[in-house]
Amino acid sequence: MSAQQKGFVCAILGPVLWGVSGNVAEWLFGPAGLKPDWLVAVRLLASGILLMSWCLLTQRQATLAVWKNKRHLRGALIFGLGGVVVSQFSYFTAVATSNAPTTTVLQYLAPLFIVIYLAIKERHWPQRIDVISLAVAFVGMLLLVTHGHLTTLALTPQGLFGGSQPALAPRYTR
């Protein structure tokens, strides 16, 4: 299989597995009675062990090099804790308080925060296509969470805010 074919398979397989994981998580939070914090911890610990083992077997020198450079190690820790853990926890908290399909759609609003951050950092307005794309995504999200009735929410505030602003989300209880 060529590199292009492998990339194509991975590009299809990634979203499919993400969708399956959201639905499995929804089931785990319901009948199985698990909590999002437990699932995130086990999921990230298991995947970290598997990935680190694979990297040590296939690219030992490059894998160990990260541990020798403080700047690279700090960046990896910031990305892991501030990016991956927060993203996973907010996603699964939102799944637990609403449902997997709605939460998955809401997570795709993440580029909104990236565009805002870059606009502030770079000190210039986003390109027109970015603004149009974000406006369409925002209107779609608004229709999704209100079912077209702008005076009511079609899902709980925990489901809405749990997937987009984890620090502001109410604590999950079940």
Side-chain angles (χ1 to χ4, degrees), residues 1 3 6-118 121 137 141 144-145 155-174:
M1 186 179 290
K6 286 179 187 178
F8 186 73
V9 168
C10 287
I12 291 173
L13 202 54
V16 168
L17 292 176
W18 180 260
V20 169
S21 89
N23 290 311
V24 169
E26 189 174 342
W27 179 82
L28 288 172
F29 300 145
L34 296 179
K35 294 190 177 189
D37 48 0
W38 182 88
L39 179 64
V40 170
V42 169
R43 179 182 161 104
L44 292 179
L45 184 62
S47 62
I49 290 169
L50 287 171
L51 286 171
M52 188 61 81
S53 300
W54 176 258
C55 289
L56 285 171
L57 288 172
T58 60
Q59 303 172 12
R60 185 172 190 82
Q61 295 296 344
T63 303
L64 294 175
V66 171
W67 297 96
K68 295 175 183 173
N69 184 316
K70 287 183 182 181
R71 190 171 140 263
H72 291 162
L73 184 57
R74 185 175 55 245
L77 287 172
I78 289 170
F79 174 74
L81 296 173
V84 176
V85 171
V86 169
S87 171
Q88 292 281 302
F89 185 72
S90 62
Y91 175 75
F92 286 115
T93 299
V95 167
T97 57
S98 63
N99 60 61
T102 301
T103 301
T104 301
V105 170
L106 288 175
Q107 79 163 359
Y108 283 103
L109 286 179
L112 171 69
F113 300 108
I114 294 169
V115 169
I116 291 170
Y117 168 77
L118 288 174
K121 183 180 179 220
M141 184 271 310
L144 174 74
V145 301
L155 69 155
T156 66
Q158 294 91 344
L160 176 61
F161 293 112
S164 59
Q165 298 173 340
L168 301 177
R171 183 74 180 129
Y172 169 78
T173 57
R174 210 181 253 263

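Bear in mind the structure is a predicted one, so any value in this text is a computation, not a measurement.
- Considering all non-hydrogen atoms of both residues, Phe29 and Leu34 come closest at CD2-O, 3.3 Å.
- Partners of Trp18 according to the ring pair (Phe, Tyr, Trp, His ring centres under 6.0 Å) rule, which considers only residues two or more places apart in sequence or in another chain, are Tyr91.
- Note that the CG atom of Leu50 and the CG atom of Leu45 stand 9.5 Å from one another [nearest 0.5 Å].
- Residues satisfying the side chain to side chain contact (heavy atoms under 4.5 Å, CB included) criterion with Leu13, sequence neighbours excluded, are Leu17.
- Within the structure, side chain to side chain donor-acceptor pair (under 3.5 Å) contacts touching residues 38-49 (residues at least two apart or in different chains) are Arg43-Gln88.
- A donor-acceptor contact shorter than 3.5 Å is absent between the side chain of Ser98 and the backbone of Val95.
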What donor-acceptor contacts under 3.5 angstrom involve side-chain atoms of residues 55-68, with partners at least two apart or in another chain?
unit_1	atom_1	unit_2	atom_2	d
Thr58	OG1	Trp54	O	2.9
Thr63	OG1	Cys55	O	3.3
Thr63	OG1	Gln59	O	2.9

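- Shortest non-hydrogen contact noted between Pro36 and Ala96 is CG-CB, 3.7 Å.
- Here the closest heavy-atom approach between residue Phe92 and residue Ala25 is recorded as CE2-CB, 3.4 Å.
- The side chain to side chain contact (heavy atoms under 4.5 Å, CB included) check on Val24 picks up Val20, Leu28, with sequence neighbours excluded.
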